[in-house]
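Notes for the one structure printed next.
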Amino acid sequence: QVQLVESGGGLVQAGGSLRLSCAASGHTFSNYGMGWFRQAPGKERESVAAIRWNGVFKYYRDSVKGRFTISRDNANNTMYLQMNSLKPEDTAVYSCARGRGGGVYSTQYEYDYWGQGTQVTVSS
């Protein structure tokens, strides 16, 4: 079955960096667009970044542009989110998700499988 497992979260000071990984299995990873989402306590889940099946086209929410970079390694069935210049408002549980097709998708309704999430906490 499809499995998505995130890793790389943790506690970091404002201005610091983290690199999240999403290891995929149980499907042909290179056929699907992928995305990162986050959910802070008391808030709705929001899209952070998304990447097309071949990594050519990407999407970022405005608040992370220039600080976060999404990438993927289809040979190793893994997606990444490099997060630099982290801010306290980036604190959330970050989850990866598989798109319903191979494109770039910015809404959660366009994703069909989700990982459990990894906590990112940014202290001020």
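Because only heavy atoms are used, hydrogens play no part in the values below, and waters and symmetry mates are left out as well, while side chains stay in.
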Next item on the list: Evaluate side-chain contact (heavy atoms from CB on, under 4.5 Å) for M83 paired with R67, printing each intermediate quantity in order.
Entry: CA-CA 6 Å; M83 305 186 294; R67 300 188 297 123; over 6 Å; no
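Using a 4.0 Å cut-off between charged nitrogen and carboxylate oxygen, K65 and D62 count as a salt-bridge pair.
For residues 16-37, every residue pair satisfying the side chain to side chain donor-acceptor pair (under 3.5 Å) rule, not counting sequence neighbours, is listed here: S17-N84. The ring-ring contact (aromatic ring centres under 6.0 Å, His included) contacts involving residues 57-92 comprise nothing, where partners must be two or more places apart or lie in separate chains.
Judged purely by atom type and a 3.5 angstrom limit, R98 has no side-chain atom pairing as donor or acceptor with the backbone of Y113. Although no hydrogens or angles enter the test, the distance criterion places a donor-acceptor pair under 3.5 Å between the side chain of E6 and the main chain of Q116. Although no hydrogens or angles enter the test, the distance criterion places a donor-acceptor pair under 3.5 Å between the side chain of K58 and the main chain of I70.
Listed by chain and number, the residues in a side-chain contact (heavy atoms from CB on, under 4.5 Å) with Y105 are E110, Y111 (sequence neighbours excluded). Listed by chain and number, the residues in a side-chain hydrogen bond (donor to acceptor under 3.5 Å, both in side chains) with R100 amount to none (sequence neighbours excluded). With sequence neighbours excluded, no residue forms a ring-ring contact (aromatic ring centres under 6.0 Å, His included) with Y94.
The two residues G8 and L18 come nearest to each other via the heavy atoms O-CD2, 3.8 Å. In terms of heavy atoms, S47 sits closest to S106 at CB-O, 3.1 Å.
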Would you mind writing out the side-chain donor-acceptor pairs for residues 117-124 within the sub-3.5 Å range, not counting sequence neighbours?
unit_1 : atom_1 : unit_2 : atom_2 : d
T118   : OG1    : G9     : N      : 3.2
Q119   : NE2    : A92    : O      : 3.4
Q119   : NE2    : T121   : OG1    : 3.3

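When each of V93, V64, T91 is tested with R38 by the rule side-chain contact (heavy atoms from CB on, under 4.5 Å), just one qualifies, namely V64. Among the candidates V2, N76, N77, the single residue satisfying the side-chain contact (heavy atoms from CB on, under 4.5 Å) test with F29 is N77.
Between L81 and V48 there is a side-chain heavy-atom pair separated by less than 4.5 Å.
Put simply, L20 and I51 are part of the same group of oily side chains (I, L, V, M, F, W, Y) that touch within less than 4.5 Å, one to the next.
The CZ atom of R72 lies 11.0 Å from the SG atom of C96; values are rounded to the nearest 0.5 Å.
Figure legend: R45 and W114 shown as a cation-pi pair, the cationic atom lying under 6.0 angstrom from the six-membered ring centre and within 45 degrees of its axis.
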